[in-house]
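Okay, so here's the structure we're looking at.
Letters go in sequence order (proteins before strands), and every chain restarts at 1. Since we're looking at a predicted model, the values are computed, not measured.
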Amino acid sequence: MTTAAKAQHRFVPGQPDMWAFVLFEALVFTAYFVVYVVCRTRSLDLFLQSQAHLDLRVGVFHTLVLLASSWFVARCVQAARERSFRAALTNAYLTMLFGFVFLVSKVLEWAAKLDEGFGFTTDEFFSFYYFLTAIHFLHLLIGFVALGIAVHQLWSPARRSQELVETCATYWHTIDFLWVLIFALLYVMR
Amino acid sequence: MSDSAAGTLPEERSGSLLRKVAWHWRYDEKRELWIGWWTLVVFYNLYGLLFFVITRTQPPPQPSLSPAEIAQWFADRHHGLLYGYAIVSIVGGATAVMNATLAYSMRRMSVSRAFAYSYLVIYALATLPGMLIMGVVCSVGAMRPDRDPALMSWLYDFAFLSFEGTMGVFLIGSLVWMAAVLLDENRVFPKWFGYLNLCNALTEVVVAPAWIFQDGVFAWDGEIAWWINMGVFVTYTTVFLTLLRRLILREDFGTGPLPELSQ
């Protein structure tokens with residue numbers, strides 16, 4: 001089977017193996033979310049009181065920034081498919097930029113909360129807040145490695161594996177998808 | 001020269017299981033690999049039996065027990081802890097064979113030997129806090145039940161924090177294996193197993209709050225720090241045992257890509 005024919009027969013973008021990762025991570029995070037919701041149901045008043053100390057506008061800003069980064073990574077994949085590698089690289093850099101803005105903004109939010117006296121052990125809500133945002137932060141840091149691999153592929157005509165670029169983009173979308181759920185649970189759900 | 005090398009390898013004996021085992025023991029060129037794999041299977045089953053049933057140290061008890069409750073915890077498990085950890089101290093050395101089998105998978109890959117060596121060293125280190133220190137400390141507690149409960153509390157915390165302390169080792173070990181699988185061109189393992197290593201590594205990070213919390217989901221007995229983590233670890237272990245078995249079946253003792261199994 002030729003490469004083009006193989007591409008036509010693919011069920012998902014990128015390596016199917018990465019989709020196994022997406023599925024597994026979704027299951028693990030679902031387990032975290034279920035535990036969160038159960039704890040929240042047990043101490044609803046405490047969770048609502050503590051949640052009021054989070055700034056919804058900051059959460060919305062983070063969500064928009066990550067959605068924008070996901071949009072740029074999608075444009076990167078599309079440009080690479082059209083063999084427009086300069087445009088693909090530009091979009092990969094913009095994805096990184098927006099990811100970096102999210103990281104800095106998240107650190108600033110943590111610092112502000114710590115200044116206000118809300119730490120990891122303050123109460124159960126803030127334990128979950130720091131835990132979920134930190135584990136997501138860690139996933140995002142790994143996302144920069146994935147974007148680095150995509151840029152490395154796009155940089156040289158000797159490489160340019162479309163499958164790898166799409167695999168890295170899939171990882172980045174997963175981070176975005178997980179953030180939207182975390183945002184809904186921590187900032188929005190009342 | 002062996003029979004195998006001379007091309008006069010006798011046919012695999014049919015008949016009883018004992019005869020088959022005897023045949024493989026004598027003629028199978030993958031004998032050492034199968035010994036390593038069966039050691040892994042037997043050890044993990046024995047580990048479950050010893051830690052969950054005999055010593056009853058897993059699932060872990062609450063970190064927030066009072067000194068009197070901790071003394072009672074040791075008293076309730078007196079014989080289980082002593083007999084169980086006596087067996088652990090006997091079979092603990094099997095980890096050398098297990099680690100060698102795991103490292104073999106990386107040596108069969110097209111990647112640098114540094115991966116296999118790093119993995120060997122780091123998992124040899126994990127045996128100490130995760131199994132032997134915990135076993136010795138729990139046995140010390142069980143050996144003299146009339147000891148001051150304050151000292152029993154000290155032993156209790158030491159034992160379980162020692163066990164938790166292996167998580168960073170598993171974290172790095174999983175990342176080493178992940179990198180090796182993803183870089184390998186010999187198709188020793190599927191790429192999704194590399195990503196599964198990343199999942200496992202990330203759940204090891206989640207154990208870290210157990211050092212801070214004595215109650216709740218992040219404590220060492222908590223839903224997040226223990227139960228979810230253990231669920232991922234059991235899945236991960238089942239997967240890598242299955243894939244290692246396939247690796248041994250596919251092994252051709254060459255240096256290039258591993259052949260696929262014929263249907």
Side-chain angles (χ1 to χ4, degrees), chain A residues 12 14-40 42-43 46-47 119-132 134-143 145-146 149 152 161 163-164 167-168 170-171 174-175 178, chain B residues 63-64 167-168 171 174-175 177-179 181-185 187-219 221-240 242-243:
Chain A
V12 290
Q15 295 171 353
D17 310 71
M18 176 53 85
W19 288 88
F21 172 84
V22 173
L23 175 70
F24 208 78
E25 280 295 279
L27 287 173
V28 172
F29 270 84
T30 301
Y32 295 154
F33 297 154
V34 167
V35 173
Y36 171 79
V37 171
V38 169
C39 291
R40 187 179 184 278
R42 278 189 204 147
S43 321
L46 182 145
F47 272 67
F120 189 32
T121 53
T122 301
D123 63 32
E124 205 172 14
F125 173 80
F126 275 101
S127 298
F128 272 106
Y129 162 75
Y130 282 103
F131 166 71
L132 288 172
I135 196 76
H136 177 264
F137 192 90
L138 189 59
H139 280 73
L140 199 67
L141 289 178
I142 297 166
V145 177
I149 293 168
H152 178 72
S161 159
E163 187 183 62
L164 268 182
T167 302
C168 296
T170 305
Y171 181 88
T174 307
I175 299 169
L178 292 175
Chain B
S64 56
M167 300 312 164
L171 162 71
S174 298
L175 291 179
W177 213 358
M178 175 202 75
V181 172
L182 294 181
L183 293 172
D184 172 43
E185 292 174 354
R187 300 194 299 265
V188 171
F189 290 127
K191 298 294 179 206
W192 61 260
F193 178 62
Y195 298 127
L196 185 61
N197 271 283
L198 181 58
C199 284
N200 188 56
L202 287 165
T203 52
E204 300 295 353
V205 177
V206 170
V207 182
W211 295 80
I212 300 165
F213 291 89
Q214 290 191 22
D215 268 315
V217 298
F218 300 108
D221 66 329
E223 286 83 351
I224 287 182
W226 195 85
W227 289 95
I228 294 175
N229 186 54
M230 186 53 76
V232 174
F233 183 71
V234 168
T235 308
Y236 173 71
T237 305
T238 308
V239 166
F240 80 63
T242 309
L243 290 176

TODO: Sort A20(A) into side chain, backbone, both or neither according to what part of it lies under 4.5 angstrom from a heavy atom of chain B.
DONE: side chain
- [ ] Please tell me if the side chains of W192(B) and L23(A) come closer than 4.5 Å, counting only heavy atoms from C-beta onward.
- [x] no
- [ ] List the steps and the verdict of side chain to side chain contact (heavy atoms under 4.5 Å, CB included) for F24(A) and T235(B).
- [x] CA-CA 10 Å; F24(A) 208 78; T235(B) 308; 3.8 Å; yes
- [ ] Measure distances from F213(B) to the heavy atoms of chain A and classify the residue's part below 4.5 Å as side chain, backbone, both or neither.
- [x] side chain
Open item on the list: So, taking the atom named CZ in F120(A) and the one named CD1 in I212(B), what distance separates them when rounded to the nearest 0.5 Å?
Closed with: 5.5 Å
Task: Side chain to side chain, L202(B) and V28(A), heavy atoms closer than 4.5 Å - done: no
Open item on the list: How long is the straight-line distance from CG of D215(B) back to CD of E124(A), given to the nearest 0.5 Å?
Closed with: 10.0 Å
Task: Side chain to side chain, Y195(B) and V22(A), heavy atoms closer than 4.5 Å - done: no
Task: Flag side-chain contact, heavy atom, 4.5 Å: C39(A) against V217(B) - done: yes
TODO: Measure the shortest side-chain to side-chain distance between V206(B) and Y32(A) over non-hydrogen atoms and say whether it is less than 4.5 angstrom.
DONE: yes
TODO: Report the distance from atom CG of L27(A) to atom CD1 of I228(B), rounding to the nearest 0.5 Å.
DONE: 11.0 Å
Open item on the list: Once rounded to the nearest 0.5 Å, what's the spacing between atom CG of L182(B) and atom CG of D17(A)?
Closed with: 9.0 Å
Open item on the list: As an exercise, state the distance from OH of Y130(A) to CZ of F218(B), rounded to the nearest 0.5 Å.
Closed with: 13.0 Å
